[in-house]
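To keep things clear, I will list the structure first and then write my remarks on it.
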Amino acid sequence: MQDGNVTQGMARPLGGERYTSREFMEAEWENVWTKTWLLTIRADDIPEDGDFMVEEIGRESILIVRQKDGSIKAFYNVCQHRGNKLVHEPEGSMPSFTCAYHSWRFEIDGTCSYAQDPEDFAGGDPCPHASLVEVECDVFAGFVWINMDPDCAPLKDSLGQIWDEWQAYPLEKMVRVQAMSVKMPCNWKLLMDNFHETYHLPTAHPEGIEYAEDHYSQTPLTLFDNGHALGQTHCCLPADRLPESKPRMTKPIEADLKAWDLDPADFLGREKDARKAVQAQKRKLAPERGLSHYDRLSDDQLTDVFHYTVFPNFATSLNADGMLFLRSLPDRTDPEKCVFDCWYYLFGASSSHINLVTAGGEGAITEAKREVIEFGEKSLGVVLDGDAWVMAGQQEGMRSRGYRGAILARQERRVAQYHDMIDRYIDGYRPAPRGAREAA
Ligand code: FES
Ligand SMILES: [Fe+2]
């Protein structure tokens with residue numbers, strides 16, 4: 001690693017073909033998408049038995065259904081007669097599912113309960129052998145997670161430390177206040193690459209220095225097992241590189257101080273102290289504001305952003321008051337397209353973070369329905385707009401004969417780990433159950 005490029009030693013170079021080639025897309029589909037736990041809907045989106053939602057993940061459509069016993073099952077959304085897509089609505093409630101082609105019917109537990117003219121099939125009624133094909137399914141953090149690999153390790157084992165660390169946040173009870181799904185003109189990994197590093201913050205998010213310290217020397221990074229990672233950004237303070245000519249009592253810091261009954265005037269000349277003061281004040285006022293989850297959070301967690309990347313396609317900036325939800329989904333066939341789910345969930349209180357990373361900010365705190373838009377059609381908020389534009393521009397470079405592959409700084413090492421894990425999955429790596437890992 002003498003030249004500082006942390007891609008040295010990786011199984012494959014980090015070149016443009018990873019983002020353009022159909023062969024690579026196929027290898028990822030067979031070895032990553034169909035072998036990893038994927039975060040899907042909220043469990044409380046389907047509260048009653050028969051309630052369902054359909055998630056489109058690349059070439060697969062997954063039907064997720066609440067069962068009579070309160071559990072949740074997931075199935076490939078495909079009729080077992082001749083392969084018609086079974087459910088076309090993205091969500092709803094049904095006592096059973098009837099295929100629109102020849103009327104085969106499937107109960108909410110996946111069993112086939114009716115096939116037209118059963119006596120006309122050799123061997124009689126085909127239903128006993130024609131249940132829907134089930135997909136592994138679990139619920140964690142209020143989300144339903146699915147895994148298309150029937151031999152997968154349990155979700156808890158795959159998530160490792162993340163399973164434990166997320167317990168501190170009230171992820172079971174959140175309100176979604178932004179839900180834009182953007183059709184992006186780029187490979188799904190360009191989103192994830194961006195979410196794996198803070199090297200781009202000074203350029204793509206120059207506004208961030210008014211509220212967060214973005215220098216790598218003050219951004220602790222942790223690499224977890226199975227390709228997951230964490231980066232911590234200190235917030236509620238002016239960054240060191242905020243120009244002297246600018247006031248250091250910035251608007252977002254001022255807003256946080258006021259929101260917690262502190263007087264910004266008391267912090268003039270010592271603006272960096274705002275972070276610790278807000279932490280202390282949040283602790284003090286949490287009981288009267290009904291924010292009982294603050295008890296479970298560390299002082300840092302009360303003000304800072306903890307940015308988790310969950311292999312292979314999810315990232316979230318968790319803060320004391322909400323979750324920025326960033327999910328990348330592949331196109332069915334085109335490696336140069338993807339869907340970017342850019343959502344925000346609030347726990348209860350608001351904070352300056354939501355003003356930075358959503359389109360509506362605090363003014364738009366109502367429950368949001370999913371809205372599918374084209375890239376560039378609408379603003380995602382000042383921060384995410386900065387990311388989306390570079391992702392689209394970067395895709396063009398991935399096709400260039402003049403691009404020799406990534407040269408990564410040490411502070412971009414999560415990008416290297418991420419691609420290394422993709423390569424390892426392609427080469428056959430699979431997470432082991434926790435017990436097996438500890439015994440090894
Ligand atoms: S394909 Fe569904 S009933 Fe024939
Ligand atoms: Fe960014």
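Read the numbers this way: they start at 1 and go in the same order the structure lists the ligands and their atoms. Nothing fancy with the numbering, it's 1 onward along the sequence.
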Q: Check whether the ring centres of F325 and F314 lie less than 6.0 Å apart, and answer yes or no.
A: yes
Q) Hey, are R248 and E210 close enough for a salt bridge, meaning a charged N less than 4.0 Å from a carboxylate O? A) no
**Q.** Side-chain donor-acceptor contact under 3.5 Å, D214 with Y199
**A.** no
Q: Check atom 4 (Fe) of ligand 1 and write out every protein N, O or S atom at under 2.8 Å, as residue and atom.
A: H81 ND1, H102 ND1
(Q) Given the ring of F143, does R42 sit roughly above its face, with NZ or CZ under 6.0 Å from the centre of the six-membered ring and within 45° of the axis? (A) yes
Q: At a cut-off of 2.8 Å, list the protein N/O/S atoms near the Fe ion (ligand 2), residue plus atom name.
A: H200 NE2, H205 NE2, D387 OD1, D387 OD2
Q | Aromatic ring proximity, centroids under 6.0 angstrom, Y418 and F311 | A | yes
**Q.** Pi-cation contact, F347 with K173 (under 6.0 Å, within 45°)
**A.** no
Q: Mind checking side chain to side chain contact (heavy atoms under 4.5 Å, CB included) for H215 and listing every partner two or more places apart, or none if nothing turns up?
A: E213, S217
Q.
One thing to verify: whether D423 and R18 come together as a salt bridge, which I'm taking to mean a side-chain N less than 4.0 angstrom from a carboxylate O.
A. yes
Cut-off 3.5 Å, no hydrogens considered: what does the side-chain donor-acceptor table look like for residues 90-99, sequence neighbours left out?
residue: S93; atom: OG; partner: D51; partner atom: OD1; Å: 2.8

